[in-house]
Amino acid sequence: MLEQELTERQLSSKEIFDGRILHVFEDTVSLPDGKSASREYLRHIGAVCIVPVLENGDVLVERQYRYPVAQVLTEIPAGKLDRRDEDHLLAAQRELREETGAVAGRWQSLGVFYPACAYSDEAIEMFLARDITFTAREPDEDEFLNVMRVPLDELYADVMAGRIPDAKTQIAVLKVYSILHHNTL
């Protein structure tokens, strides 16, 4: 069975919103069959997220109000890059320290995922952080969050039971659980 060509080619592009975090574009593309179509999408600078695992198996998580969904959610530490070409590991180290006061001695990349590839180019690189020590927290001026310690097994159970709706937290926790319980990756 032959695979069909799937690539769409940009014919034109117009920025229709230029925000601090999000940039909205409307493009006209050429489809594989030669017809054209419109594509609206968000450009995002990129982000990192971290699963910081303490020596006793607890994970540092945050409770933070998320305005778009009007809820306080449990999430792993995360943050956007300062610029598109920023080193992802350095960004992860900065975000972990600022948000939780944690500094990790060992880091492992868990890969990149696209949280909404149908309408955004945002890419989030996930990290496992271990050998944790603590220093002072330095949250952003507009960042209000509570840091908690949750056993990895409990966090995994919360993800599987649907009690943690945040995608980055779900994916990264499942990966870390698999690594630490099944020696995968």
Residues Lys168 and Glu75 bridged, charged N to O under 4.0 Å:
yes
Test: Asp18 and Arg43 ion pair at under 4.0 Å = no
- Message: Is any side-chain heavy atom of Ile21 closer than 4.5 Å to one of His44?
- Response: yes
Would you check if Trp107 and Gln93 make a side-chain contact, meaning some heavy-atom pair closer than 4.5 Å?
yes
#### Entry: Candidate pair Glu62 and Thr100, rule side-chain contact (heavy atoms from CB on, under 4.5 Å), full reasoning
CA-CA 8 Å; Glu62 304 169 351; Thr100 69; 3.8 Å; yes
Q. Are any non-hydrogen side-chain atoms of Leu60 and Arg149 less than 4.5 angstrom apart?
A. yes
Full working for side-chain contact (heavy atoms from CB on, under 4.5 Å) between Asp27 and Leu11: CA-CA 7 Å; Asp27 289 5; Leu11 300 173; over 6 Å; no
State yes or no: do Leu96 and Leu90 share one hydrophobic cluster built from I, L, V, M, F, W and Y residues joined by side-chain heavy-atom distances below 4.5 Å, directly or via other members?
-> no
- Is the closest side-chain donor-acceptor distance between Gln108 and Arg106 under 3.5 Å? no
| said: Surrounding CZ of Phe134 (heavy atoms of other residues, nucleotides or ligands, distance under 6.0 Å), is the total greater than 12? | reply: yes
Hey, any chance Leu174 and Val176 share a hydrophobic cluster, counting ILVMFWY side chains that come within less than 4.5 Å of each other, even indirectly?
yes
>> Counting only heavy atoms from other residues, nucleotides and ligands, does the tally under 6.0 Å from CD of Glu55 exceed 12?
In response: no
Joint hydrophobic cluster, Ile171 plus Tyr156, side-chain heavy atoms closer than 4.5 Å: yes
- prompt: Do His88 and Leu81 have side chains that get closer than 4.5 Å, going by heavy atoms?
  reply: yes
Q: For the residue pair Glu98 and Arg137, establish whether any side-chain heavy-atom pair is separated by less than 4.5 Å.
A: no
Pair Leu128-Val53, side-chain contact (heavy atoms from CB on, under 4.5 Å): steps then yes or no: CA-CA 7 Å; Leu128 167 59; Val53 179; 3.6 Å; yes
- Item | Residues, nucleotides or ligands: over 12 heavy atoms within 6.0 Å of Met148 CE | yes
Below 4.0 angstrom, N of the basic side chain to O of the carboxylate: do Asp82 and Arg94 qualify? yes
CG of Asp85 to CZ of Arg83, rounded to nearest 0.5 Å, is 4.5 Å
Would you say the side chain of Glu40 lies within less than 4.5 Å of the side chain of Glu26, judging by non-hydrogen atoms? yes
Rounded to the nearest 0.5 Å, the CZ atom of Phe113 sits from the CD atom of Gln170 at a distance of 9.5 Å
**Asked** Parallel, tilted or perpendicular: which describes the rings of Tyr41 and Phe25, with under 30° parallel and over 60° perpendicular?
**Response** parallel
Between Ser178 and Lys175, is any pair of side-chain heavy atoms under 4.5 Å apart? no
Side chains of Arg9 and Ser30: any donor to acceptor distance under 3.5 Å? no
(message) I'd like to know if Glu95 pairs up with Lys80 as an ion pair, taking the criterion as any Lys NZ or Arg NE/NH1/NH2 lying under 4.0 Å from an Asp or Glu carboxylate oxygen.
(response) no
Does the side-chain contact (heavy atoms from CB on, under 4.5 Å) test come out yes or no for Ile16 and Lys14, once each step is laid out?
CA-CA 6 Å; Ile16 55 179; Lys14 175 175 66 172; 3.8 Å; yes
> Judged by modelled atom types alone, do Glu5 and Thr7 share a side-chain donor-acceptor pair under 3.5 Å?
Replying inline: yes
Query raised in the report: Linking I/L/V/M/F/W/Y whenever any side-chain heavy atoms sit under 4.5 Å apart, do Leu180 and Val61 land together?
Result: yes
Next on the checklist: With clusters defined by side-chain heavy atoms of hydrophobic residues (ILVMFWY) lying less than 4.5 Å apart, directly or transitively, does Tyr177 cluster with Leu54?
Outcome noted: no
query: Using 4.0 Å as the upper bound for N to carboxylate O, is an ion pair formed by Glu8 and Arg39?
result: yes
pair Arg97-Thr135: side-chain heavy atoms closer than 4.5 Å
yes
When rounded to the nearest 0.5 Å, the distance separating CG of Leu110 from SG of Cys49 is 7.5 Å
Between the CG atom in Asp158 and the OG1 atom in Thr169, the distance rounded to the nearest 0.5 Å is 11.5 Å
Does atom OH of Tyr65 have more than 12 heavy-atom neighbours, drawn from other residues, nucleotides or ligands, at distances under 6.0 Å?
yes
Interatomic distance, CE@Met126 vs OG@Ser109, rounded to 0.5 Å, equals 7.5 Å
In this structure, CG of Leu152 is separated from CG of Asn56 (nearest 0.5 Å) by 10.5 Å
